[in-house]
Amino acid sequence: MPARAGALRAAVLGSPIAHSLSPVLHRTAYAELGLEGRTYDRFDVDEQALPGFFEKLGDDWAGLSLTMPLKRAVIPLLDGISETAASVDAVNTVVFTEDGLRTGDNTDIPGMVDALREHGIDAVDTAAVLGAGATASSALAALSRICAGEVVVYVRSAARGAEMRQWAERLDVAVRIADWDDAERALHAPLVVTTTPAGVTDTLARAVPERPAALFDVLYDPWPTALAARWSAYGGAVVGGLDLLVHQAVLQVEQMTGCAPAPLEAMRRAGERALAAR
């Protein structure tokens, strides 16, 4: 359901939030679409402050983007969430509808799929995932749409492995858990998705095969990562975190404004300029 008519305010919430590129992307979309009067801000809000923030929202609000640590904390504050969001218990998009409802969605998952498809990756037989945090569960959900066979997830603890098995069962994905010490083997998969913090995969760069297939590194700052740089140098396909950020933001803009298609290329260029200026 579209956002309520006449609602002109939106923002991204999270903590920390100063680094977020979402204002750049959304404001660029508004300008390209000729949506005068619309605003998109950022607010540093943690889990404890989130209910109070919601209580103060007026009828002039169209929607919210959410980043960590709010993607699960927001769910009890909503009137309902999409099947996509429910599949990973994570909401990154809230839309305030015409009938007064607060609805939650997850655009990260279709954003991942769209980013991969833009680079010609719409189906793979198997895949590997490096890491087992919140982003890894979204990666599994995305892979459930394009991967026909097994996904090998490389983790650093048995507890993380157990969590990923639970997500896999819930998402109906065939998963095999492997030890992080064997992560170099992941680099030979048809598609490798890295979901780890900056620097964690740097030591793997030396092990990139001579003819790598496809890498999806969800980081965008710093960019390129050591792994992505080596992968690209060897001729492999590389999908980056900015690709994901832009594609998920496109879907958010369309939901919050009712205008489609959102200007993907203009948003991407704006994101690239913002990153280059840092």
Side-chain angles (χ1 to χ4, degrees), residues 12-29 40 42 44 65-71 90 92 107-109 111-112 114-116 118-119 121 127-139 142 153-156 160 180 183-184 186-187 189 191-209 212-250 252 264-278:
V12 59
L13 313 182
S15 186
I17 200 62
H19 68 287
S20 175
L21 286 179
S22 290
V24 171
L25 302 182
H26 284 251
R27 291 170 186 169
T28 296
Y40 190 99
R42 63 164 67 92
D44 196 301
S65 307
L66 301 170
T67 186
M68 300 303 292
L70 305 179
K71 293 184 179 182
N92 78 327
T107 64
D108 285 330
I109 295 168
M112 285 184 176
D114 290 344
L116 287 165
E118 184 183 33
H119 286 75
I121 306 163
V129 174
L130 298 176
T135 305
S137 61
S138 291
V153 181
Y154 291 80
V155 302
R156 285 174 284 186
R160 288 290 196 181
W180 185 263
E184 290 185 2
L187 307 185
L191 172 61
V192 182
V193 184
T194 72
T195 67
T196 55
V200 173
T201 62
D202 287 358
T203 59
L204 297 176
R206 66 178 186 274
V208 173
L215 172 71
F216 190 171
D217 193 326
V218 303
L219 294 173
Y220 63 84
D221 188 14
W223 186 261
T225 63
L227 181 60
R230 179 66 65 88
W231 201 278
S232 182
Y234 280 16
V238 175
V239 185
L242 183 61
D243 295 310
L244 167 59
L245 190 66
V246 171
H247 276 282
Q248 66 83 28
V250 160
Q252 290 185 333
L264 184 146
E265 288 305 326
M267 294 166 70
R268 191 201 314 275
R269 289 193 298 269
E272 289 171 345
R273 288 193 298 269
L275 284 175
R278 290 185 174 180

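Here, residue 1 is the first one in the sequence, and each next residue gets the next number.
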Inset, instruction - May I ask you to decide if A228's main-chain N or O and S232's side chain share a donor-acceptor pair within less than 3.5 Å? - result: no

Can you see which heavy atom on [X] is nearest to which on [Y], and at what distance?
X    : Y    : answer
A139 : V193 : CB-CG1, 4.0 Å
A214 : I121 : CB-CD1, 3.5 Å
R42  : P23  : NH2-CG, 3.7 Å
L66  : K71  : O-CE, 3.5 Å
A132 : V155 : CB-CG1, 3.6 Å
L187 : L204 : CD1-O, 3.5 Å

How many angstroms lie between [atom1] in [X] and [atom2] in [Y], if you round to the nearest 0.5 Å?
X    : Y    : atom1 : atom2 : answer
R268 : L25  : CZ    : CG    : 10.5 Å
D243 : H119 : CG    : NE2   : 4.5 Å
Y154 : T196 : OH    : OG1   : 14.0 Å
N92  : T107 : CG    : OG1   : 3.5 Å
T28  : Y40  : OG1   : OH    : 12.0 Å
I109 : Q248 : CD1   : CD    : 11.5 Å

Legend entry - Close side-chain approach of M112 and T135, heavy atoms under 4.5 Å: yes

Legend entry - Student check: side-chain heavy atoms of R156 and V200 closer than 4.5 Å: yes

Inset, instruction - Go through the steps to decide whether V12 and Q252 satisfy the test side chain to side chain contact (heavy atoms under 4.5 Å, CB included), and finish with yes or no. - result: CA-CA 11 Å; V12 59; Q252 290 185 333; over 6 Å; no

Legend entry - Under 3.5 Å side-chain donor-acceptor pair for D217 and T225: yes

Legend entry - L21: side-chain contact (heavy atoms from CB on, under 4.5 Å) partners, not counting sequence neighbours: Y220, L242, L245, A274, L275, R278

Legend entry - Salt bridge present between R269 and E272 (N-O < 4.0 angstrom): no

